[in-house]
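Here is the structure we will look at.
Naming convention: chains lettered A, B, ... in sequence-line order (proteins, then strands); numbering from 1 in each chain. Side-chain atoms are counted along with the backbone in the values below, which use heavy atoms only and exclude waters and symmetry mates. This one's a predicted model, so the numbers in the text were calculated from it and none came from an experiment.
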Number of protein chains: 2
Amino acid sequence: MRRMTARPANAHQARLLKLLRDGGPNSRAQLGDQIDLSRSKLAVEVDRLLETGLVVADGLAASRGGRRSHNVRLNPGLRFLGVDIGATSVDVAVTNAELEILGHLNQPMDVREGPVAVFEQVLSMAAKLRASGLAEGYDGAGIGVPGPVRFPEGVPVAPPIMPGWDGFPVREALSQELGCPVMVDNDVNLMAMGEQHAGVARSVGDFLCVKIGTGIGCGIVAGGDVHRGVTGSAGDIGHIQAVPDGRPCACGNRGCLEAHFSGAALARDAVEAAQQGLSEELASRLEAGGTLTAVDVAAAAAAGDATALDLIREGGNRVGQVIAGLVSFFNPGLVVIGGGVTGLGHTLLAAIRTQVYRQSLPLATGNLPIVLGELGPTAGVIGAARLISDHLFSPA
Amino acid sequence: MRRMTARPANAHQARLLKLLRDGGPNSRAQLGDQIDLSRSKLAVEVDRLLETGLVVADGLAASRGGRRSHNVRLNPGLRFLGVDIGATSVDVAVTNAELEILGHLNQPMDVREGPVAVFEQVLSMAAKLRASGLAEGYDGAGIGVPGPVRFPEGVPVAPPIMPGWDGFPVREALSQELGCPVMVDNDVNLMAMGEQHAGVARSVGDFLCVKIGTGIGCGIVAGGDVHRGVTGSAGDIGHIQAVPDGRPCACGNRGCLEAHFSGAALARDAVEAAQQGLSEELASRLEAGGTLTAVDVAAAAAAGDATALDLIREGGNRVGQVIAGLVSFFNPGLVVIGGGVTGLGHTLLAAIRTQVYRQSLPLATGNLPIVLGELGPTAGVIGAARLISDHLFSPA
DNA sequence: GCGTCTTTGTCCTGAGAGTGGAGAAAGTTG
DNA sequence: CAACTTTCTCCACTCTCAGGACAAAGACGC
């Protein structure tokens, strides 16, 4: 099917599209309240957007004490694809232009199988969503990968946990297959954008979004925009030294944060503890499943297992220590904790908070909320849709 | 004397003023090459700037193969005052509108004497510069203080090393006394702006500027702009934990970076070493001067004293470790080392580089210069002048 | 049911912003 | 001294944008 190809012709139109995306259907009068334009000029730009088809009339709204307004809204037929490639699974979702999720699929998959296999999977999931009637095609797609990305080109660079992906033209290839514009970013940055768009970080301009999953990363939002760094590796905090002369890490150094606490490290420590007979709870789970994951530790902790609680607390202390440093450095207005280990819940959060509030200066922590992400596994795909919509809703 | 009060009327004029500030006298044609405006429109805006008096004609330039151009330049009578209040001294300088230093005074002074005493000193230095004929008055002033600042209001907040300054209306008071607009910022941010304007960081959009003096701070420039954080305390890295259970720090915690390495810590360690008889060089200097400073350590190191070199190396390792973490997190394109201890020179730099290159990921360090600041003690005052000129050269 | 008030949206006019070309002014070069 | 360059100014024309007048459509009080 032929998809929309129109783009806003100027900054005003871009602004209007974003207001409609974030605020849903609106009348010209309501739009006028939110934008610095005369009614006449605004009407002209809205008419032009109607001509492009990006925006459509949406009937009459209720009266607010006078003539009823004619609402307009983003074309309800627009479809964005949000893809979140994690280390061990793939999430794919369809959204409308208002970034509401219409359908969401998740599939376990090891990113190390390489770009070709993963791509095949993503395309099949996208096709499945299309086949279920949620979309006739895609107007744009955003995709997140678990490693640094050369953002302007949309190409992963030197990704430690993604052998085979280095230099793979993700943007180019996906755009070719889907026949629509594509933007690529680090998965952590997308999670931050997701929480900023629809989660706990709404209306916060400077915040950190720490994602603890198989590895650890940190999305940085400064002045409302994602900070990616000069080579796209900003936020790569997994290899900050957390313990002097600590555990050996896959990167070759010792004591990296990721070696001491992450989904993978936690699972390894839990198995160790079970084998050493420190926890019956963990041992029986190990026996039953053959292996342990962060989910098992969470369950054991919920059941009151002291060893599991200790593991979580110790890990939280490590992460908290590093975050404390980042808070001193960056002075954010909010810290969001997300990723797979959020299942560890309040125990983890309490440990992190303790460290940060104790080690950072009062001025930086005085009014600093440290909270769990609100969107869970949908943060990434919403962020991905947001990424491509920000791109498409900007002047060409 | 009546000073200039005009401000640019629109973004074009602001852009032109900044081009003239950074590029010196220019013809209309040269300006046209650097700005996206038609020659006719550009001529109109230049004429309006001439009318305001901010810009003046500057005679004919050499021919470039055709008609000679009529240069324009910023009014050579404009004067900015740059003030850099350090922990132990005050720098005051006069610049022209192109931010060239016309006169510079330095005066030892303890910031703990409080805002009233320091202000008196600053005003007397400003008057001295005026009396020497360098300025008939000031069109604007920038001032840096060694602590966090609520930037929009220009008021220091909860400054640990500046008791008595909390909430003191620096901007308001100085503006009153000098009769011109004033902007206030953290001294480290100003140093970063100085190096960005006229030093090693020219044309770098994302960099860190670590200032090691009495304390330690870090200026953060992201996307060309200084990142100040939500409460103005961004870059306050002196109290990041560098050594678990390390030395007690004035802030109440243990192992803070500042407690292990800074001008003050280095002097203390040197005295200790001298008293323990570890270094004859340092001991003789202690005897001679009654006390030791970073300058003594630098001299001892230059003379080949092993103990002094060890102190510097160990300190550099500590700082380098912290910077390594910040590099992983922020992924800057450049790291500038400045402040009082730059006298320690290459020994310090080598230790820092070793740590950063060893601990951060190759992608972040692959093309990362770590260099000493170029401007020395003038970085702060140039940054201060730049701060106020950025303000005055923006539309009102 | 009817006039009055409020809200919404459209139309029109006039002020500026901005472009691009013509052409004058002032050089260089052979 | 002719031909070519570069710089700058002037002018006509287009486009943007604001703000007021006005029409449409509803709420509300009497």
Between [X] ([atom1]) and [N] ([atom2]), how many Å, whole number?
| X | N | atom1 | atom2 | answer |
| --- | --- | --- | --- | --- |
| A/Asn71 | C/dG9 | CG | P | 8 Å |
| A/Leu50 | C/dG9 | CG | P | 12 Å |
| B/Arg39 | D/dA12 | CZ | P | 18 Å |
| A/Leu60 | C/dT7 | CG | C1' | 13 Å |
| A/Leu31 | C/dT8 | CG | P | 12 Å |
| A/Asp47 | C/dG9 | CG | P | 11 Å |
| B/Ile35 | C/dT19 | CD1 | P | 10 Å |
| B/Leu37 | D/dC8 | CG | P | 15 Å |

Identify, between A/Ala43 and A/Gly66, the residue whose nearest nucleotide on DNA chain C lies closer to the 5' end.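 Looking at the nearest nucleotide for each, A/Gly66 comes out on the 5' side.
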What's the closest nucleotide to the side chain of B/His12 if the choices are D/dA18, C/dA17, C/dG18?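 Minimum distance to the B/His12 side chain belongs to C/dG18.
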Residue B/Arg64, side-chain heavy atoms: nucleotide from D/dA18, C/dG9, D/dT7 that is nearest: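 Among D/dA18, C/dG9, D/dT7, the one nearest the side chain of B/Arg64 is D/dT7.
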Output yes when at least one side-chain N/O atom of [X] is less than 4.0 Å from OP1 or OP2 of [N], else no.
| X | N | value |
| --- | --- | --- |
| B/His70 | C/dA26 | no |
| A/Ser63 | D/dG26 | no |
| B/Arg28 | D/dT9 | yes |

Between A/Asp36 and B/Arg68, which is nearer to the 5' end of DNA chain D once each is assigned its nearest nucleotide?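 Between the two, 5'-proximity favours B/Arg68.
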Pair B/Thr95, B/Arg79: side-chain N/O donor-acceptor within cut-off below 3.5 Å: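 Short answer, no.
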Consider only side-chain N and O atoms of B/Thr231 and B/Arg150, and report whether a donor and an acceptor are under 3.5 Å apart.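 Per modelled atom types, B/Thr231 and B/Arg150 side chains form no pair under 3.5 Å.
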Across the strands shown, which category fits B/Ser69 at heavy-atom distances under 4.0 angstrom: base, sugar-phosphate, nothing?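 Sugar-phosphate only.
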Any carboxylate oxygen within less than 4.0 angstrom of a Lys/Arg side-chain nitrogen, looking at [X] and [Y]?
| X | Y | answer |
| --- | --- | --- |
| B/Glu374 | B/Arg202 | yes |
| A/Glu51 | A/Arg48 | no |
| A/Lys18 | A/Asp22 | no |

Ignoring hydrogens and geometry beyond distance, is the side chain of A/Arg67 in donor-acceptor contact with the base of C/dT7 at under 3.5 Å?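 There is none.
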Donor-acceptor pair under 3.5 Å, B/Ser40 side chain vs C/dG20 base: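 Looking at the base of C/dG20, it does pair with a donor or acceptor on the side chain of B/Ser40 (distance under 3.5 Å).
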Using the rule given for side chain to side chain donor-acceptor pair (under 3.5 Å), can you reason through B/Ser27 versus B/Asn71, listing the C-alpha separation, both sets of side-chain angles and the distance that settles it, and then say yes or no? CA-CA 4 Å; B/Ser27 67; B/Asn71 270 3; 4.5 Å; no
Closest heavy-atom contact between A/Ile220 and A/Asn189?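 Scanning both residues completely, I find the closest heavy atoms to be N-OD1, 4.4 Å.
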Residues within residues 16-26 of chain A bordering DNA chain C, heavy-atom distance below 4.0 Å: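 Within this stretch, nothing sits under 4.0 Å of the strand.
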Is the cationic atom of A/Arg228 (NZ for Lys, CZ for Arg) positioned less than 6.0 Å from the six-membered ring centroid of A/Phe151 and within 45 degrees of its normal?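 Yes, cation above the ring, under 6.0 Å and within 45°.
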